[in-house]
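Below is one structure, written out as structure tokens; comments come after it.
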Number of protein chains: 2
Amino acid sequence: MSSAHRRDAATTRAAILRAGVEAFTRFGFDGVGVREIAQAAGVSAMLVNRYFGSKEGLFAEVVEVSMTDRTVLGGDPATLARDIAATLVRRTSPAADDLSPFLLMLRSAANPRAAEILRENIERHVEAHVHEVAPDTRGTDRAAVALALIAGFWLLRKVIGSSALNETDEKTVEATLTRLFEVLLPGPASRG
Amino acid sequence: MSSAHRRDAATTRAAILRAGVEAFTRFGFDGVGVREIAQAAGVSAMLVNRYFGSKEGLFAEVVEVSMTDRTVLGGDPATLARDIAATLVRRTSPAADDLSPFLLMLRSAANPRAAEILRENIERHVEAHVHEVAPDTRGTDRAAVALALIAGFWLLRKVIGSSALNETDEKTVEATLTRLFEVLLPGPASRG
DNA sequence: TCCACATGTCTACAGTCGTATACTTCGCTC
DNA sequence: GAGCGAAGTATACGACTGTAGACATGTGGA
């Protein structure tokens with residue numbers, strides 16, 4: 001038996017990728033080593049380099065998949081602000097442990113090479129996706145500010161662990177966030 | 001001559017601390033080594049441990065001073081939202097290189113020990129300072145959300161380098177931010 | 001002047017990192 | 001069933017990390 005795995009390149013590659021998503025999201029690019037990732041995938045460390053070229057190559061693909069299969073934005077424009085606020089508060093709750101692409105970004109952005117990969121993927125996936133929802137010129141920068149708000153909220157609540165956000169009534173914070181997203185999102189014809 | 005420095009413990013300690021602020025803000029806790037910091041201060045690496053106990057000890061003091069002598073918040077409540085937005089946009093401009101405590105936080109938060117130090121200092125300095133300005137219960141969580149917005153904006157614009165925020169007219173972004181801070185800050189009697 | 005102590009440096013150690021090279025083992029095909 | 005290429009492992013190397021211990025040096029007081 002030993003590890004009971006038949007030799008299958010695609011399966012092994014997928015296992016490494018999945019372990020990479022989890023590890024990089026939890027500990028950041030500099031916070032985890034290839035040996036640790038490989039062990040979580042049940043393989044030897046060198047397979048990371050065989051299948052992804054390098055640690056940086058694996059990270060690039062991790063960012064790619066993490067930012068692609070997002071289940072975050074979208075929905076009815078009428079309740080969009082409320083929905084985003086509710087989802088954000090729920091997924092950043094202290095109990096929830098969530099492999100959010102925002103966490104991946106926040107915990108890896110300190111490394112310049114990782115930051116460059118993140119920037120390129122954000123522009124290609126997230127901001128492009130926003131451009132579909134809000135094709136007008138004004139919407140672009142407002143969506144970017146919304147992104148900043150979401151990222152900052154995730155940072156303070158889950159990475160730092162701010163007591164001001166964790167010891168307050170979630171409904172209160174959610175209402176505040178809803179008001180902000182109403183200002184930012186194109187739905188309710190907010191005139192500046 | 002050699003280094004032309006007289007032996008002065010206080011001066012040397014201050015030089016290491018200053019080099020630490022710069023290095024940790026630019027590269028984050030994990031992104032810089034004690035040898036590099038010591039070289040920037042013009043001393044040997046072991047002096048860091050002599051004066052601050054360890055790298056982590058130096059970081060704790062760096063966070064302390066960086067979050068103490070802030071020149072960010074404050075001012076006339078009537079124009080507070082506009083002032084904060086203007087300052088934020090100006091200091092995150094691509095040309096400006098700024099040793100902001102927000103950058104220190106963003107680039108070091110991935111490390112759990114650094115995150116703990118940051119959390120403790122934020123609660124002790126920033127949130128306490130906010131509590132003076134807005135002593136009412138409702139203001140606390142709104143100020144925390146404002147903090148999240150500022151941090152996220154700094155992240156996307158300066159750490160990631162988002163093109164959506166850097167290629168947009170600064171006045172447009174500044175207007176958007178002003179509207180958000182008007183919602184968040186206690187000044188204009190915003191009713192929810 | 002000279003000694004004692006504070007100040008600063010040198011060397012070294014044990015560990016981790018990413019990854020290149022050489023090797024072994026399995027699985028499929030003829 | 002033998003061999004051949006793919007899949008996976010083992011070892012090692014050089015660079016780097018934080019920091020402990022021994023050593024050197026300058027400086028103020030006697």
Side-chain angles (χ1 to χ4, degrees), chain A residues 1-20 23-24 26-63 107-108 110-117, chain B residues 1-20 23-24 26-63 107-108 110-117:
Chain A
M1 296 191 190
S2 68
S3 68
H5 286 316
R6 283 179 56 93
R7 288 191 168 184
D8 183 353
T11 301
T12 302
R13 213 191 114 100
I16 297 174
L17 188 58
R18 189 151 19 91
F24 284 138
R26 289 199 197 285
F27 310 112
F29 182 78
D30 287 331
V32 70
V34 289
R35 287 170 177 82
E36 200 172 342
I37 297 174
Q39 187 177 4
V43 297
S44 178
M46 281 312 297
L47 281 196
V48 172
N49 281 359
R50 177 188 291 279
Y51 284 118
F52 299 93
S54 64
K55 181 188 182 184
E56 188 177 325
L58 171 62
F59 179 76
E61 203 147 330
V62 162
V63 174
R107 291 209 241 250
S108 301
N111 184 294
R113 295 156 112 3
E116 170 61 25
I117 293 172
Chain B
M1 298 186 193
S2 66
S3 66
H5 285 318
R6 281 178 57 93
R7 288 192 167 181
D8 182 353
T11 302
T12 303
R13 213 191 114 98
I16 296 174
L17 188 58
R18 191 152 16 94
F24 284 138
R26 289 199 197 286
F27 310 112
F29 182 78
D30 286 331
V32 70
V34 288
R35 288 170 177 80
E36 200 172 342
I37 297 174
Q39 187 178 4
V43 297
S44 178
M46 281 312 296
L47 280 196
V48 172
N49 281 359
R50 177 187 290 278
Y51 284 117
F52 298 93
S54 63
K55 181 188 182 183
E56 188 177 325
L58 171 61
F59 180 77
E61 203 147 331
V62 161
V63 174
R107 294 210 168 103
S108 301
N111 185 295
R113 294 157 115 359
E116 170 61 24
I117 293 171

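Every chain is numbered from 1, with letters handed out A, B, ... down the list of sequences. Bear in mind the structure is a predicted one, so any value in this text is a computation, not a measurement.
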Over how many whole Å does the gap from A/Leu58 atom CG to C/dT19 atom P extend?
10 Å

Report yes if at least one side-chain N or O of A/Arg6 is closer than 4.0 Å to OP1 or OP2 of C/dC28; otherwise report no.
yes

Rounded to whole Å, CG of B/Asp30 lies from C1' of C/dC17 at a distance of 13 Å

Minimal non-hydrogen separation, B/Ala45 against B/Ala38, with atom names
CA-CB, 3.5 Å

In terms of the nearest nucleotide of DNA chain D, which residue is placed more toward the 5' end: A/Leu47 or B/Ser54?
A/Leu47

Starting at CD of B/Glu56 and ending at P of D/dG18, how long is that distance when rounded to a whole Å?
12 Å

Residue B/Tyr51, side-chain atoms from C-beta onward, closest of D/dG8, C/dT7, C/dA12:
C/dT7

Return the value, rounded to whole Å, for the distance between atom CE of B/Met46 and atom C1' of C/dC10.
11 Å

How are the rings of A/Phe24 and A/Phe59 set relative to one another: parallel (under 30°), tilted (30 to 60°) or perpendicular (over 60°)?
perpendicular

Report yes if a donor N or O on one partner sits less than 3.5 Å from an acceptor N or O on the other, where the partners are the side chain of A/Arg50 and the base of C/dT19; otherwise report no.
no

Out of C/dG27, C/dT19, D/dG18, which has the shortest distance to the side chain of B/Val34?
D/dG18

Provide, to the nearest angstrom, the distance between the CZ atom belonging to B/Phe52 and the P atom belonging to D/dT19.
13 Å

Among the candidates C/dT7, D/dA6, C/dA20, find the nucleotide nearest to the side-chain atoms of A/Arg7.
D/dA6

Side chain of A/Ser54, backbone of A/Gly57: donor and acceptor closer than 3.5 Å?
yes

Does any donor-acceptor pair link the side chain of B/Arg13 with the base of C/dT7 at a separation under 3.5 Å?
no

Phosphate OP1/OP2 of C/dG8: any B/Thr12 side-chain N/O under 4.0 Å
yes

Has the side chain of A/Arg107 got a donor or acceptor atom that lies under 3.5 Å from a matching backbone atom of A/Phe29?
no

Length of the CD1-C1' vector between B/Ile37 and D/dG18, whole Å:
11 Å

Could you please name the option among C/dT9, D/dA7, C/dA12 that lies closest to any side-chain atom of A/Ala9?
D/dA7

Please report the distance, rounded to the nearest Å, between CG in A/Asn111 and C1' in C/dC17.
13 Å

Hey, does B/Val43 reach any base, or is it just sugar-phosphate, or nothing, if we go heavy atoms under 4.0 Å?
sugar-phosphate

Of C/dT9, C/dC17, D/dT17, the nucleotide closest to the side chain of A/Lys55 is C/dC17

Let me know the distance between CZ of B/Phe59 and P of D/dG18, rounded to the nearest Å.
13 Å

Would you confirm whether B/Lys55, through its side chain, and B/Val48, through its main-chain N or O, come within 3.5 Å as a donor-acceptor pair?
no

